[in-house]
Amino acid sequence: MAKPKTQFVCQNCGTVHNRWAGKCDGCGEWNTIVEEDPMGGIGGGPGKTPKKGRPVALTTLSGETEEAPRVQTGISELDRVTGGGFVRGSAVLVGGDPGIGKSTLLMQAAAALSRRGHRIIYVSGEEAVAQVRLRAQRLGAASTDVLLAAETNVEDILATVAEGKRPDLVIIDSIQTLWSDVVDSAPGTVTQVRTGVQAMIRFAKQTGAAMVLVGHVTKEGQIAGPRVVEHMVDAVLYFEGDRGHHYRILRTVKNRFGPTDEIGVFEMSDKGLREVLNPSELFLGERNAKAPGAAVFAGMEGTRPVLVEVQALVAPTSLGTPRRAVVGWDSARLSMILAVLEAHCGVKLGQHDVYLNIAGGYRISEPAADVAVAAALVSSLAGVALPAERVYFGEVSLSGAVRPVSQTAQRLKEAEKLGFSSAMLPASSAEIPKGGRKGWSEIEGLPDLVVDIAGSARKLGKAPEED
Ligand code: TYD
Ligand code: MG
């Protein structure tokens with residue numbers, strides 16, 4: 001039989017090439033093509049002479065599972081993001097910029113779980129035992145039973161965690177430091193990272209221990225190493241935040257066992273990360289309600305309402321092409337709102353520079369922010385502050401109509417909780433009967449700066465107190 005040819009596989013996208021090349025045709029990345037043996041090894045296809053299979057025992061879908069499938073940390077912001085706790089036998093990848101607080105978060109999670117009687121192993125590949133201990137002291141976690149090891153060799157780690165009672169959770173900090181004897185390439189290369197991660201995932205699936213893998217993020221914002229790692233794990237969480245601000249957001253990017261649009265909000269203090277149970281208060285904390293160009297957006301992050309201030313500055317320009325700068329929102333969407341305001345509302349911004357900022361370094365991805373952005377822009381252009389007690393939400397379409405968005409009732413409830421008494425929202429919001437939801441009634445004739453976009457927005461205010 002012919003000797004199987006070796007193949008050259010791109011470590012970034014998985015494209016198979018016949019010969020080595022500096023650049024992959026598939027994804028355009030440089031230096032990602034590695035020679036692999038198709039007969040075996042990681043990423044190899046099925047061999048030419050398949051071994052004789054061994055029948056595995058078939059089972060049914062029903063049947064007793066002896067323990068809770070999830071391990072909950074009791075840190076509610078973290079449990080929400082994972083969808084109710086770490087799932088046993090699953091692998092979770094936690095990505096984030098260096099220094100954002102991944103090790104801090106996981107050390108706190110480890111301590112919390114350990115206090116609940118779980119067996120937790122923390123494997124640090126980046127810091128020495130003394131450094132990890134120092135951090136644990138600072139976090140008040142030093143007295144817990146978290147088991148610690150400073151190790152980077154995959155085989156040694158596996159032998160360590162497999163010894164004794166099965167751990168409930170294993171934390172590997174970080175996958176970039178893992179290296180295996182099986183692979184020739186240097187530690188930190190994609191092949192090493194991939195092999196290490198695969199071995200860890202296999203351990204999790206075989207033993208039922210939950211596995212948390214820490215991964216660094218490259219300048220482009222991707223988890224360093226092959227994208228394949230993201231496909232291999234069950235959940236991917238990103239820990240992000242602005243260096244200029246204290247708060248950090250844990251975001252689900254992928255989750256096989258829960259929703260993917262949840263966020264957890266934390267604040268970095270001198271004693272580690274503190275949960276922020278009401279993010280709206282944080283984002284609206286430094287608000288100056290009397291300044292023109294600021295509108296409060298009633299947004300949603302997953303199941304949770306988040307109120308945040310949208311700030312706009314519109315200033316006459318001397319440049320031929322006016323400047324448009326956006327922080328925390330999509331710049332293409334801003335252009336769209338500007339175009340709609342010009343075309344349908346007679347708001348001329350062609351001779352003005354436009355700057356848009358979301359307060360607190362927060363990022364909005366919801367289209368529901370359109371109306372808030374439009375309100376902030378018009379307010380800044382007119383130099384008149386918007387009513388301080390009003391929130392804004394609704395999606396603006398190119399025709400100038402304001403489209404309904406989901407979870408209207410929840411947005412209004414949160415606004416009410418924070419002391420707001422009126423709202424501008426899509427007229428056709430199904431969840432609100434005409435006349436308003438409890439305590440909110442339609443208010444007419446209030447001077448408002450937003451030219452009621454094509455008449456499709458609606459104002460709601462609290463019903464006046466009855467004597
Ligand atoms: P770390 O968890 O080491 O980040 P990562 O693992 O993502 O690289 O966090 C490092 C930063 O957090 C560092 O700049 C110091 C800061 N920090 C605090 O402000 N308070 C604390 O209690 C701790 C432990 C860290
Ligand atoms: Mg770290």
Side-chain angles (χ1 to χ4, degrees), residues 73-75 77-78 81-82 86 91-115 120-144 146-153 157 169-179 187-188 192-193 196-197 200 211-225 229-230 233 235-253 263-276 282 360-361 363:
T73 58
I75 303 175
E77 294 294 298
L78 179 60
V81 173
T82 51
F86 294 109
V92 179
L93 184 62
V94 179
D97 289 329
I100 206 76
K102 301 182 293 297
S103 305
T104 307
L105 175 71
L106 292 174
M107 178 52 77
Q108 285 182 274
L113 283 166
S114 175
R115 284 193 199 103
I120 312 298
I121 301 183
Y122 188 103
V123 183
S124 174
E126 298 192 336
E127 289 158 299
V129 168
Q131 279 175 294
V132 181
R133 280 197 185 136
L134 270 177
R135 178 185 295 117
Q137 273 168 17
R138 192 168 165 187
L139 300 173
S143 59
T144 57
V146 176
L147 300 162
L148 174 66
E151 184 51 63
T152 53
N153 181 273
I157 294 174
L169 184 85
V170 179
I171 297 165
I172 307 286
D173 188 3
S174 68
I175 56 169
Q176 271 80 21
T177 59
L178 289 179
W179 67 279
Q192 283 285 10
V193 171
V197 169
M200 295 303 152
M211 185 68 74
V212 177
L213 306 164
V214 176
H216 291 287
V217 162
T218 59
K219 279 197 229 79
E220 291 80 40
Q222 283 177 3
I223 291 181
V229 172
E230 293 189 29
V233 295
V236 180
L237 312 178
Y238 269 87
F239 205 36
E240 48 188 47
D242 195 291
R243 278 181 192 279
H245 296 92
H246 286 303
Y247 76 87
R248 305 276 183 264
I249 294 178
L250 188 64
R251 206 180 277 281
T252 336
V253 179
I263 60 162
V265 185
F266 298 89
E267 196 175 6
M268 184 61 98
S269 71
D270 56 345
K271 288 200 176 55
L273 292 158
R274 204 174 54 79
E275 290 180 75
V276 177
L282 186 78
R363 253 206 92 75

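Values reported hereafter were calculated over all heavy atoms of this structure, with side chains retained and with hydrogens, waters and symmetry mates removed. All of these numbers come straight from a predicted model, not from anything done at the bench. Order of listing sets the numbers, starting from 1, for every ligand and every atom in it.
Smallest separation of non-hydrogen atoms from S103 and D173: OG-OD2, 2.7 Å. In terms of heavy atoms, A109 sits closest to L78 at CB-CD2, 3.6 Å. When all heavy atoms are compared, the tightest approach of E126 to H216 is OE2-NE2, 2.5 Å. Shown here for L139 and G272, the closest heavy-atom pair between the two residues is CD2-CA, 3.3 Å. Between E230 and V236, the closest heavy-atom pair is O-CG2, 4.0 Å. E77 approaches I263 most closely through the heavy-atom pair OE1-O, 4.3 Å.
Of all protein heavy atoms, the one closest to atom 22 (O) of ligand 1 is G272 N, 2.7 Å. At the top of the distance list for atom 4 (O) of ligand 1, counting protein heavy atoms only, stands G101 N, 3.1 Å. The closest protein non-hydrogen atom to atom 2 (O) of ligand 1 is T104 OG1, 2.6 Å.
Here L273 contributes atom CG and Q108 contributes atom CD; the two are 5.0 Å apart, rounded to the nearest 0.5 Å.
At least one N/O-N/O distance between G99 and ligand 1 falls below 3.5 Å. In terms of polar-atom proximity, M268 is not counted as a contact of ligand 1, lacking any N or O under 3.5 Å from an N or O of the ligand.
Atoms of ligand 1 found under 4.0 Å from any heavy atom of P98, numbered from 1 in the order shown, are 8 (O). Below 4.0 Å from some heavy atom of K271 lie the following atoms of ligand 1, by number and element: 22 (O). Every atom of ligand 1 with a heavy atom of S269 under 4.0 Å away is listed here by number and element: 18 (C), 19 (O), 20 (N), 21 (C), 22 (O).
Residue contacts with ligand 1, taken as heavy atom pairs separated by less than 4.0 Å, involve S103 via backbone and side-chain atoms alike. Counting heavy atoms closer than 4.0 Å to ligand 1, residue M107 contributes nothing at all. Of the heavy atoms in D173, none comes closer than 4.0 Å to ligand 1. If you look at R135 next to ligand 1, the close heavy atoms, those under 4.0 Å, all belong to the side chain.
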Is there a side-chain contact (heavy atoms from CB on, under 4.5 Å) between T104 and M268 once you walk through the steps?
CA-CA 9 Å; T104 307; M268 184 61 98; 4.2 Å; yes
Under the side-chain contact (heavy atoms from CB on, under 4.5 Å) criterion, do L250 and Y238 qualify, and how do the steps go?
CA-CA 6 Å; L250 188 64; Y238 269 87; over 6 Å; no
Please assess R274 against F266 for the test side-chain contact (heavy atoms from CB on, under 4.5 Å), listing each intermediate value before the final yes or no.
CA-CA 5 Å; R274 204 174 54 79; F266 298 89; over 6 Å; no
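Side chain of K102 to main chain of D97: a donor-acceptor pair is present (N/O by atom type, distance under 3.5 Å, no hydrogens or angles).
Looking at E127, E267, R138, it is R138 that brings a heavy atom closest to atom 18 (C) of ligand 1.
Protein contacts to the Mg ion (ligand 2) involving N, O or S atoms at a distance below 2.8 Å are S103 OG.
Residue pairs meeting the salt bridge (Lys or Arg N to Asp or Glu O under 4.0 Å) criterion with at least one member in residues 133-142, sequence neighbours excluded: E127-R135.
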